[in-house]
Structure formats: C-alpha cells, structure tokens
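Shown next, in structure tokens, is the structure this report addresses.
As the structure is a computational prediction, the values presented were derived from the model and not from experiment. Convention: sequence-line order gives letters A, B, ...; per-chain numbering from 1.
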Amino acid sequence: MQLNESTYETIFLLYIDKELSPKESLEVEAFIADNPSYALEMEALQATLLSSDKIQYPFKENLKHQDWNATYSTIIKEDLQAIPGLSTSFKNALKKEAAKEGIIVKPLGFSQQKFTYAAIAACLMVFLGYQQLTKTPVSDSIEANTKTETRPSAASPLVENEISNISQKAFAKNNEQITETKQIVLTEQQAITKLQASNSSKTQRTNLLQQEAISMAEPAFNNIDINQTVITKLPSNYNNPITINAIPLPISSANIDAEPTDVEKVLTSYEIIDTEDPDRTIFIANFEIDGNKLRGLKRKVTSLLLFKNIKTDKNK
Amino acid sequence: MTDKDYNDCVDNFADGVYRFIVKNIRHTEDAQDIVQSAFEKLWVSREQVLPEKAKSYLFTVAYHQMIDHIRKTNKMPLTEDTYIPHQQITQQDAELKQVLMRAVNELNPIQKSLVLLKDYEGYNYQEIGEIMHLSESQVKVYLHRARLILKTKLSAYAPIASKCN
C-alpha cells in the first residue's frame, strides 16, 4: 500500500469503512502522525459516518413464533376443569388431545364410522319412504271409495231426506244414462266381433281399430254423473279396460238387436286394406297414388339408370 | 433454522432491519409493514435459511421489498416532519446529526442504502453487494462517492461540524 497525495483519499475511505487489514490500518495511522495536514482530511471523512441510532421495532413480540402447545394447552386444561358434568376420563382424554395438538379440533363423540352408519340408515329410510309413497294399488282406491259411500252421515234428518230425494232423482237419471252406455258397449262388442270375423289374420290392424273404437266411445261416458261410478268390463281383446270406479252391471240382451247408433256407423265405416292386393292405391301423405302407376314409374327410372350404366360401360 | 432460531432472529435483527428501512423511506407504518413481510418470508423459508445467513437474508428481502414499495408508491424522501424516529438524541450532537441526516437524505437511494448498511449494520463491501445485488467494486465506488458528497455537504456546515467535533 502506497500512501501519497493521489491515493490517500481512497485509502482513508477504506480506513473509515474498516476495509483495511490491521497492518494497513497501522500504516495509515502512522502516515497521519507523520503528516498532520492530512489529519483534518481524515476528520472530515470520519464526520460522514452515521452514529448508531437506537430505533426499536415496536411490534417485535408479534413477529415471534408462538408456542401453541405451551400457551394454549394450559388454558384448555383450566377451561375443562370449569365445565361441569364431564367425566374425569373424558377430561383426561381431552387433556391428552390438548397436549398433543394444542387446540381441540375434533367434534365431541362423533366418529367417521358413526357418520357412515348414519348416512346408510338415512339412505335406506329415504328409499323405503319413496317406495311407500309410489305404491298406490287400484283395489285400495276402490275400497276407499266404497268406504266413503258407506260412511254414516252426521247431518240432520231434514238434510238426509233432501239428500235421499236428490239421490233418487239422480239415480233415475243415471239409470237412463246407464242404458245408453249399455247400448254403446254392445255396439262396441258388435263392431269388434265384425272386425274379428272380417280378417282374423291381420290382428295388428284390428287392434288399432279397437283402440280407435274405444277412443270414439269414450266421449259418451262423459254424460255419466261423477258420483255414480260405473265399471264396464270390456272383452279381453281390448287389453285396456276402462275402469271408472264402478260396480259391474248386468248387460241386458234386449238392446242387442237395436238400430245401429252413430258410433256403430263410424266403426263400420272402416274398411280393411289388404297390403297384398296389387290394385290397391298407395297413400303418401294426403296424395292418393295408383299402385300400378307407381310401379311403372319405378320401372322406367330403373331402366333409365341401367341404360346409362350400360352406355358408360360401352364408352369405356 | 428452528423455531427458536427464528425467534432469536426477531430479537436480534428486527430493530436493525426496521432502522434501515425507516431511515430509507422515512415512513414508520410502511417500514413496519416491510419488516413484517420480511420476517414472514423468513418464517416461510426457514427450512432453507441457515441461522448464520438469516441477517443478510432479512436485509436482502427487506431491501428489495423497500425498492418495490418505493416503485409502487412512488414516494421517496418525505418531509422531515413525517419521520418520527424512536430515538433519544442528546443535545450535544443533535445539530450534527440533523445536518448529516439531511445530507444523507439528499443522496440517491442506492448511495443512501449503502451508507446505512455500512454505518448502521457494519456490513463489509461483499455483504452489502450480496444484499443489494451489486459487485464489491461497485459498492466500493458508490460508497466512496457518497462519502465525498457527504463530506462536501458537511463542509458547508463547517461551524456546526467543528462545534460537534
């Protein structure tokens, strides 16, 4: 290290920053002692040094890591002692938990296994309840209706008389309506027997007709009073008996030979279409096309296409 | 680093980090926030930090957070009135300190940080370079320039300086 006029400033700065070795520092001090004119320079540089300030961070304790086990386990223990009604074994168990984890997190006495069992039980209950709700047999409903009819009324005698008069009138009126319905049923039966006789091999078509016959006959039942319920047992061919909460009534054979009603006329107006018949007309949407003409057209189109193919083969 | 080492770091270095930051930004609340976040980072990465490197780690984190804070808030040197340091200043050196601090506050942020780290914390050039991400020669040059600036500014207050000396 060479101390002279050109290097002294840098070396003095290193000296005040304590970046020199002890030996170099001694050399600097010796140089200053030999050259007092540089002492002022050194003092000026030393004046730039900041003296220590005692500034304290005010929230030092908040920065520290808290020992949860040490701080909270004692508090929990004290709290447990204050809770009445807890058994000593339970308290001891909680103390162990507190000592281990610091804070009690587990809910009291409700384990995972118990929760699983409870969940399964709840699911079963919901399933059984749903089954019970969805179970509504027809016989039960009929029984319920009959029960409502036979239920004794708590009304006065005057009211009962009025009700009986009204019911008699309604009964007389309903008898007329029932005879009408009998006729309808008989006409249905006639229509069905006719249809069965006409073409027994085409069962699908007849089934469709039966369905339509039922749908046509249904509006006639709308005239029946709601209180007077009727069950009409339709033939087994129907597969869809109409049951309107009713008592089965005997069908009299007196009206079988009666004149055909409107419903019968509608039913008899259906004609059976034989799909095997070559002369039959073909219905496409609302258009009626002759079968022979369509076949001829088809032949022409196919021959044209064949002719084209032959031509292309020849060209090749 | 164990939990105890961390708590020792809080005891030993929290004041120093806080002083370094508060002297730089001269805003106590912001300085407290920066110190808190620096210690938070130390706690998070305590597994990787060795106890002997904790001080420089804290100062590095705090310094860079301070720089970020200055960039975000764009508020550098506040007025003297906003700065309320927790210090006990004797009447004797009050004037010199005041003049010197005023001169230090007029330095640019890097020079100011260099002076503070050197004088208050006693770091050597290498350590300062690590904290501020500067080379040792850069630290030396910048610090010497800062000293010469301070010397020039203090020479203007020669009567005060001579009185204090």
Side-chain angles (χ1 to χ4, degrees), chain A residues 1-25 28 32 36-73 99-103, chain B residues 2-4 6-11 13-23 28 31-32 35-36 38-40 42-43 46 85-89 93 96-97 99-101 103-104 115-116 118-120 122 124-125 140 143-144 146-155 158 161-162 164-165:
Chain A
M1 188 178 69
Q2 287 185 344
L3 268 165
N4 52 43
E5 279 190 7
S6 59
T7 59
Y8 82 93
E9 197 173 57
T10 310
I11 292 165
F12 279 10
L13 285 167
L14 289 169
Y15 175 79
I16 61 165
D17 285 340
K18 296 170 186 173
E19 292 289 328
L20 295 175
S21 64
K23 190 188 170 187
E24 287 171 336
S25 298
V28 171
I32 292 166
S37 59
Y38 291 101
L40 284 171
E41 193 68 29
M42 178 61 86
E43 280 178 14
L45 287 171
Q46 278 180 333
T48 62
L49 291 171
L50 295 167
S51 57
S52 62
D53 271 344
K54 284 186 179 179
I55 298 174
Q56 287 186 336
Y57 182 68
F59 310 109
K60 209 185 276 185
E61 288 302 313
N62 295 347
L63 293 175
K64 285 184 180 176
H65 171 64
Q66 299 289 334
D67 190 1
W68 292 93
N69 288 347
T71 51
Y72 289 95
S73 61
K100 199 192 289 178
E101 296 178 16
I103 302 166
Chain B
T2 60
D3 293 358
K4 190 183 173 298
Y6 171 80
N7 284 342
D8 290 343
C9 283
V10 175
D11 283 332
F13 310 131
D15 293 339
V17 176
Y18 177 63
R19 180 176 56 192
F20 171 61
I21 301 298
V22 84
K23 289 271 182 185
T28 52
Q32 283 163 12
V35 171
Q36 190 179 334
F39 274 96
E40 193 183 327
L42 177 67
W43 173 254
R46 66 189 183 282
H86 305 268
Q87 59 184 349
Q88 293 175 345
I89 305 166
D93 57 359
L96 178 63
K97 279 198 171 184
V99 170
L100 184 60
M101 277 314 299
V104 168
V115 169
L116 291 171
K118 184 70 195 168
D119 291 353
Y120 284 144
N124 60 34
Y125 293 162
K140 185 181 168 183
L143 189 61
H144 285 190
R147 295 273 186 221
L148 293 174
I149 290 164
L150 288 175
K151 183 191 154 195
T152 310
K153 286 190 176 175
L154 281 174
S155 64
S162 61
C164 289
N165 288 329

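In this structure, chain B has no heavy atom under 4.5 Å from any part of A:Q46. For a residue to count as touching a neighbouring chain, one of its non-hydrogen atoms must lie under 4.5 Å from one of that chain's; by this rule B:L42 does not touch chain A. For B:K151, the parts lying under 4.5 angstrom from a heavy atom of chain A are both the backbone and the side chain. For B:V104, the part sitting under 4.5 Å from any heavy atom of chain A is the side chain, from C-beta outward, and nothing else. For B:Y120, the part lying near chain A is the side chain, with the backbone staying farther off; criterion is any non-hydrogen pair under 4.5 Å. Contacts between A:I16 and chain B at a heavy-atom distance below 4.5 Å involve the side chain alone, from C-beta outward. B:K140 touches chain A through its side chain: at least one heavy atom from C-beta onward sits under 4.5 Å away, while N, CA, C and O do not. Heavy atoms closer than 4.5 Å to chain A are found in the side chain of B:L143, but not in its backbone.
Inter-residue side-chain proximity for B:F13 and B:D8 is flagged as unmet; no heavy-atom pair is nearer than 4.5 Å. A:E9 is not listed as a side-chain neighbour of B:R147, based on a closest heavy-atom distance of 4.5 Å or more.
Between B:V115 and B:A146, the shortest heavy-atom contact is CG2-CB, 3.8 Å. Of all heavy-atom pairs spanning B:V35 and B:V17, the tightest one is CG2-CG1, 4.0 Å. Pairing each heavy atom of A:Y57 with each of B:A14, the nearest pair is CB-O, 4.0 Å. Heavy-atom minimum distance, A:A47 versus B:L154: O-CD1, 3.5 Å.
Taking chain A as the reference chain and counting heavy-atom pairs below 4.5 Å, the highest number among B:L100, B:I149, B:L116 is found for B:L100.
Between the side chain of B:R46 and the main chain of B:W43, a donor-acceptor pair closer than 3.5 Å is present.
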